[in-house]
Amino acid sequence: MFRPGAGGTGTADVIGSGFSAPDGATDILLIGNDSRTDAQGNPLPKQILQELHTTQEGGDLTDAMILVRIPNGGHSASAMSFPRDTMVDSGISEEKHKLTETMNRGKDAERAKLQDEGVTDPKELDEKSRLAGKQALLETMEKLTGVSIDHYAEVNLLGFYEITKAVGGVEVCLNDATKDSYSGANFKKGVQTIQGADALAFVRQRHGLLNELSRGKRQQVFMSALAHRILSSGTLANPAKLSALIDAINKSVTLDPALASDILGFAEQMQGIAGGNVQFYSAPVHLVGESGQEDVALNIAESKQFAADLLLPPQQRAQKLATLKSPTKVTTSVYNASGISGLAANVLEELTSQGFQEGSSANSETRSSSVVYYANGEQDVGKLVAESLGGMPTEVSPNLTAGSVEVYIGKDYKGPGKSNFTGAPTLRLDGLNKTAPLRTQADTGNSPITADGVPCID
């Protein structure tokens, strides 16, 4: 339920009373919501909306969704941002929809359910349905990343305005001047300090950018600049600055109760993280379709592996991410042990359509269960292939060389490729039609933006 927290901070019990599964990190889901209310649910005044270049119209569409991972006992943090237009299967409805719509869909589904149960009180309907929407988004993000989320923080439109003013603005850099009447963006070329309404316009601009991924890069640059400002300028160690920051948070940020009750303790924890040790990545998404009309698609196996690798040391992480970015480095051979003629070739075709290097395909002695064999020391590679086929056991094989994987398809196999034998359309694991044009953005995943310096972007 939504309620004022310690010091007036708005809270929503999105996580629930249970403990999340330990996974070696404190994981925070950071949401940027286009809600036209403050953290206590009060409508924003008309003059504030005018300054923010928006109106009272709008819903709980989420403009920014960022998973922040802070390794236990570490002195670093990594963030993984998701484009708002990423197509997802949230389970709320039968069809896929954009990630940005998840909160609204969850809210509407809960409201309809409550009304069917006879609930009529407007306040109860609003509070319970809004909480259900937030929980639906959190559960969807957990499915996309395989991460057990510990904390929830939601910043509304007012937040970008108040927080940036509290810290004295943040520095950003553009390669070219830009102007957009829809968001109010009007920025010169080069390095500049932005705050208040300009900060909101910077992260909301869509018109004049290449695509939705460009907007995501804007958000990463902004968040890295904000982290740099807070962590490198003594904000957390300065009582006056910290007080102003917390006051801004109270006005515009909704937190889960556990985080709200110890926000100062969390701030003290963050003091140990130097600005350069905060890295911002894009989720490994793909653009599918004609230029300008692309769908943003996500392969669940890639996304989960990516999130797990954010806890690795930087050098090892770079190697792992390179493998995820270039599955062509992994040669896959498929052996048919299912008794279904032609299945090995079909599964191999599915793997190569996802970017894996084509090995051989052949029949093998029939077996009841499927398995993926990987070379010594390459468990993650075997897991990546296994998850790309819908999930199956993996085992090390002393007979394989580095970069080689063997897949044995048993009678239990129900993953990609088998659908062809039942007359169903062939679909990739990420839900993309195999014949659709697939283009991976070069700037997603492999080159992090850090909170150390001011990177220039388009």
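Owing to the predicted nature of the structure, the values given are computational and were not obtained by experimental measurement. FYI, side chains are in, hydrogens and waters are out, and symmetry mates aren't considered; it's all heavy atoms of this structure.
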Next on the checklist: If I compare all heavy atoms of Ser338 with all of Gly410, which pair ends up nearest, and what's the gap?
Outcome noted: CB-O, 3.5 Å
Next on the checklist: As a quick check of understanding, evaluate side chain to side chain contact (heavy atoms under 4.5 Å, CB included) for Val330 and Gln357, giving each step before the final call.
Outcome noted: CA-CA 6 Å; Val330 181; Gln357 182 69 33; over 6 Å; no
Item to check | Side-chain touch His151/Thr26, heavy atoms, less than 4.5 angstrom | outcome: yes
Checklist entry - Near Gln379 CD, under 6.0 Å, is it more than 12 heavy atoms from other residues, nucleotides or ligands? => result no
Checklist entry - With side chains defined as the heavy atoms from C-beta onward, is the minimum distance between Ile28 and Ile70 less than 4.5 Å? => result yes
Checklist entry - So, do Leu312 and Leu310 sit near enough that their side-chain heavy atoms are less than 4.5 Å apart? => result no
Checklist entry - Salt bridge check: are Glu117 and Lys113 linked by an N-O gap of less than 4.0 Å? => result yes
Checklist entry - Are the side chain of Glu406 and the backbone N or O of Tyr374 linked by a donor-acceptor pair below 3.5 Å? => result no
Next on the checklist: Distance check, rounded to the nearest 0.5 Å: Met65 atom CE versus Thr100 atom OG1?
Outcome noted: 5.5 Å
Next on the checklist: I'd like to know whether Met392 forms a side chain to side chain contact (heavy atoms under 4.5 Å, CB included) with Val407, so could you lay out the CA-CA distance, the side-chain angles of the two residues, the decisive distance to 0.1 Å, and finally the verdict.
Outcome noted: CA-CA 10 Å; Met392 63 177 65; Val407 180; 4.2 Å; yes
Checklist entry - Under the salt bridge (Lys or Arg N to Asp or Glu O under 4.0 Å) test, which residues partner Glu95, sequence neighbours left out? => result Arg105
Next on the checklist: For the CG atom of Asp176 and the SG atom of Cys456, what is their distance to the nearest 0.5 Å?
Outcome noted: 10.0 Å
Checklist entry - Does the pair Glu171 and Val191 meet the rule for a side chain to side chain contact (heavy atoms under 4.5 Å, CB included), with working shown? => result CA-CA 7 Å; Glu171 280 191 321; Val191 178; 3.9 Å; yes
Checklist outcome for this item: Of all heavy-atom pairs linking Pro71 and Leu311, the shortest is CG-CD2, 3.9 Å
Next on the checklist: Could you tell me if the side chain of Val405 sits less than 4.5 Å from the side chain of Thr331, heavy atoms only?
Outcome noted: no
Next on the checklist: To the closest 0.5 Å, what do you measure between NZ (Lys304) and CD (Glu142)?
Outcome noted: 11.0 Å
Checklist entry - For the residue pair Ala344 and Ala362, what are the closest heavy atoms and their distance? => result CB-O, 3.8 Å
Checklist entry - Among all residues two or more places apart in sequence or in another chain, which pass the ring pair (Phe, Tyr, Trp, His ring centres under 6.0 Å) test with Tyr335? => result Tyr408
Checklist entry - Can you tell me if Tyr281 uses its side chain to pair, donor with acceptor, with the backbone of Pro284 under 3.5 Å? => result no
Checklist entry - Does Met141 offer a backbone N or O that forms a donor-acceptor pair with the side chain of Thr145 under 3.5 Å? => result yes
Next on the checklist: The criterion is ring pair (Phe, Tyr, Trp, His ring centres under 6.0 Å); which residues satisfy it with Phe202, sequence neighbours excluded?
Outcome noted: Phe187
Checklist entry - With Thr164, which residues qualify under side chain to side chain contact (heavy atoms under 4.5 Å, CB included), at least two apart? => result Gln195, Ala199, Phe222
Checklist outcome for this item: So salt bridge (charged side-chain N to carboxylate O under 4.0 Å, His left out) across residues 24-33, not counting sequence neighbours, yields Asp27-Arg69
Next on the checklist: Going by the rule salt bridge (Lys or Arg N to Asp or Glu O under 4.0 Å), which residues pair with Lys188 if we only count those two or more places apart in sequence or in a different chain?
Outcome noted: none
Next on the checklist: Whether the side chain of Ser333 engages the backbone of Ser360 through a donor-acceptor N/O pair (distance < 3.5 Å, no angle test) should be reported.
Outcome noted: yes
Checklist entry - Any donor and acceptor pair, going by atom type alone, linking the side chain of Ser303 with main-chain N or O of Asn299 inside 3.5 Å? => result no
Checklist entry - Between Asp295 (side chain) and Ala297 (backbone), is there a donor-acceptor pair under 3.5 Å? => result no
Checklist entry - Can you tell me how far the NZ atom of Lys96 sits from the CE atom of Met87, to the nearest 0.5 Å? => result 7.5 Å
Item to check | Least distance between heavy atoms, His97 atom then Ser90 atom | outcome: NE2-OG, 2.7 Å
Next on the checklist: One pair to check against side chain to side chain contact (heavy atoms under 4.5 Å, CB included): Leu226 and Val167. What are the steps and the verdict?
Outcome noted: CA-CA 8 Å; Leu226 181 59; Val167 300; 4.0 Å; yes
Item to check | Heavy atoms from other residues, nucleotides or ligands near CG of Asp262 exceed 12 (cutoff 6.0 Å) | outcome: yes
Item to check | Partner set under salt bridge (Lys or Arg N to Asp or Glu O under 4.0 Å) for Glu94, not counting sequence neighbours | outcome: none
Checklist entry - Do you know the tightest heavy-atom contact between Leu384 and Ser388? => result O-OG, 2.8 Å
Next on the checklist: Within the 3.5 Å criterion, strictly below it, is a donor on Asp309 or Gln305 matched to an acceptor on the partner's side chain?
Outcome noted: yes
Checklist entry - So, do Ile300 and Leu144 sit near enough that their side-chain heavy atoms are less than 4.5 Å apart? => result yes
Checklist entry - Is there a donor-acceptor contact under 3.5 Å from the side chain of Gln192 to the main chain of Gly190? => result yes
Checklist entry - Hey, is the main chain of Gly382 close enough, under 3.5 Å, to the side chain of Thr394 for a donor-acceptor pair? => result no
Item to check | Partner set under salt bridge (Lys or Arg N to Asp or Glu O under 4.0 Å) for Lys98, not counting sequence neighbours | outcome: Asp85
Checklist entry - Between Thr352 and Leu348, is there a donor-acceptor pair closer than 3.5 Å when you use the side chain of the first and the backbone of the second? => result yes
Checklist outcome for this item: Rounded to the nearest 0.5 angstrom, the CG-CZ distance for Asn104 and Arg130 is 8.5 Å
Checklist entry - Quick one: side chain to side chain donor-acceptor pair (under 3.5 Å) partners of Thr332, sequence neighbours excluded? => result none
Next on the checklist: Between Lys134 and Glu154, does any side-chain N to carboxylate O distance fall below 4.0 Å?
Outcome noted: yes
Next on the checklist: Could you tell me if the side chain of Ile15 sits less than 4.5 Å from the side chain of Asp150, heavy atoms only?
Outcome noted: no
Checklist entry - Do Ser370 and Asp412 meet the criterion of a side-chain donor-acceptor pair at a distance under 3.5 Å? => result yes
Item to check | Interatomic spacing from CG in Asn336 to CG in Leu343 - rounded to 0.5 Å | outcome: 5.0 Å
Checklist entry - Under a 4.5 Å cut-off applied to non-hydrogen side-chain atoms, are Leu99 and Leu137 in contact? => result yes
Next on the checklist: Taking side chain to side chain donor-acceptor pair (under 3.5 Å) as the definition, give me every residue that meets it alongside Arg111, ordered by chain and number, with sequence neighbours left out.
Outcome noted: none
Item to check | Minimal non-hydrogen separation, Ile92 against Ala136, with atom names | outcome: CD1-CB, 3.9 Å
Next on the checklist: Could you work out, with side chain to side chain contact (heavy atoms under 4.5 Å, CB included) as the rule, every residue matching Asn399, not counting sequence neighbours?
Outcome noted: Ser397
Checklist entry - Taking the side chain as C-beta and beyond, is there a heavy-atom pair between Val88 and Thr102 under 4.5 Å? => result yes
Next on the checklist: Tyr152: which residues meet the ring pair (Phe, Tyr, Trp, His ring centres under 6.0 Å) condition with it, sequence neighbours left out?
Outcome noted: none
